[in-house]
2 protein chains.
Amino acid sequence: MDEELKLKSQVCFPVYALSREIVNVYRPILEEIDLTYPQYLVMMVLWENEPQKVNEIGDKLNLDNGTITPLLKRMAAKGLISRKRNTKDERVVEISLTESGKQLQTKAAEVPQKVVKAMGITPEDLMQLKDLVVKILNRAK
Amino acid sequence: MDEELKLKSQVCFPVYALSREIVNVYRPILEEIDLTYPQYLVMMVLWENEPQKVNEIGDKLNLDNGTITPLLKRMAAKGLISRKRNTKDERVVEISLTESGKQLQTKAAEVPQKVVKAMGITPEDLMQLKDLVVKILNRAK
DNA sequence: CACTATTATATCGTGTGCGATTTTATTTTG
DNA sequence: CAAAATAAAATCGCACACGATATAATAGTG
């Protein structure tokens, strides 16, 4: 049979599998602070800079607005962020952190170490992985 | 602020982003043969060997049965596979290819080349990526 | 300045993805 | 051999993820 159509020959499948494995590693750790992985990513974007427009957040995370809008709504329902129409341009929705959202950063400080520990891989492999993936990601987009 | 809580410092985010980018590259190519990416993976597993139990397929793709059962049902509804209870052990469901499912392999033969072309990355980078990801994936699981 | 094009977000439908629970069948054990 | 444990699938609920479409506001144009 066509060797290229075997799962073992696939290059992309390991990336797909690793991505899900990563989310599975994060899940129990993020559960302690009541966040999902995509929600954690949004929080990181906002902890770094706020307010930000819906599409600014979506662009940074490569998520289209069919994904980001309901994601932000769930986060607003949890009280982590607030949504405000820009008065100059009523099309724009500005996303800000609530007090509760800001305070979550302290609790989240332990997440990175916990994840590295749970994944059980060396920082060297991690860095090598990141460099290579970023290189390919930039080429592919 | 905590450097580790910045998106730029994240190692896992690029993997997550690349995984979705890969699925997005596959989407229009697989659409021509009416498959989604997870469905394509199931087909590859079955083209290589059939019949297989539901959990055998799930184990190979690292998908739990909350995912794999509805996935297989949609594929059965499309007429790609058939589901048969094992007569020796009525708990087991054997998944086989239909004639239509077997014939799809010929049409799918062009998929790998199309994907490599659409991603626009070198085979060398791809191989290096695969080796590294597989190494980390094996450690993480 | 009305008309068209563009932009920002929201909505809808379909398909994953996974934890938790349930159902049914087989295996183990007292 | 009956009761408990285990195993294989299925089911349920929730949260993405994305294409396609809709809605509303602003910008551009003749």
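Only heavy atoms go into these numbers, but all of them, side chains included; no hydrogens, no water, no symmetry mates. Here is the naming used below: chain letters follow the sequence lines, and residue numbers restart at 1 for every chain.
Counted within 6.0 Å of NZ on B:K53, heavy atoms from surrounding residues, nucleotides or ligands total 12 or fewer; the atom is thus considered open.
Atom-to-atom, CG of A:N55 to C1' of D:dC18 comes out at 14 Å; the value is rounded to the nearest Å. Between A:R27 atom CZ and C:dA20 atom C1' the separation is 12 Å, expressed in whole Å. Atom CG in A:L71 sits roughly 8 Å away from atom P in D:dA17 (whole-Å rounding). Summarising the geometry, the separation between NZ on B:K88 and C1' on D:dA8 is reported as 18 Å, rounded to the nearest angstrom. Atom CG of B:L61 and atom P of C:dG15 are 18 Å apart (whole Å). Rounded to an integer number of Å, the gap from B:L30 CG to C:dT16 P is 11 Å. Atom-to-atom, CZ of B:R85 to P of D:dA7 comes out at 18 Å; the value is rounded to the nearest Å. Summarising the geometry, the separation between CG on A:L72 and P on D:dC16 is reported as 10 Å, rounded to the nearest angstrom.
Considering only side-chain N and O atoms, B:T69 lies nowhere under 4.0 angstrom from the phosphate OP1 or OP2 of D:dT11. The phosphate of D:dT11 has OP1 or OP2 within less than 4.0 Å of a side-chain N or O from B:K73. Residue B:T36 places at least one side-chain N or O under 4.0 Å from the OP1 or OP2 atom of C:dT16. Within the 4.0 Å cut-off from OP1 or OP2 of C:dG17, not a single side-chain nitrogen or oxygen of B:Y37 is found.
Tracing side-chain contacts under 4.5 Å through hydrophobic residues (I, L, V, M, F, W, Y), one reaches B:V15 starting from B:L5; they form part of the same cluster.
Annotation: of the two residues near DNA chain D, B:G66 and A:G66, the 5′-most nearest-nucleotide partner is B:G66. Each of B:M75 and A:R83 was assigned the nucleotide of DNA chain C with the nearest heavy atom; the assignment lying further toward the 5' end belongs to A:R83.
Which of C:dT9, D:dT26, D:dC18 sits closest to the side chain of A:L63 comes down to D:dC18. Side-chain proximity of B:V92 to D:dC18, D:dA8, C:dC18: nearest is D:dA8. With distances taken from any side-chain atom of A:D89 to the nucleotides C:dA25, D:dA25, C:dT9, the minimum falls on D:dA25.
Closest heavy-atom contact between B:G79 and B:T98: O-OG1, 2.5 Å.
Residue contacts shown for B:R20 are limited to sugar-phosphate atoms, with no base heavy atom under 4.0 Å away. Residue-level contact check: B:D64 touches the bases, meaning some heavy atom is under 4.0 Å from a base atom. Using a 4.0 Å heavy-atom distance criterion, B:I68 is classed as making no nucleic acid contact. In this structure, A:T67 reaches the bases: a heavy-atom distance under 4.0 Å links it to at least one base atom across the strands shown.
Listed for the B:E94 side chain is no donor-acceptor partner under 3.5 Å among the backbone atoms of B:P51.
With hydrogens and angles ignored, a donor-acceptor pair closer than 3.5 Å exists between the side chain of A:R91 and the base of C:dT7. For B:N65 against D:dA9, a side-chain N or O and a base N or O form a donor-acceptor pair under 3.5 Å.
Between A:Y26 and A:Y37, the ring planes are tilted. Angles from 30° to 60° get that label.
With a 4.5 Å cut-off on side-chain heavy atoms, A:L35 and A:L80 count as touching.
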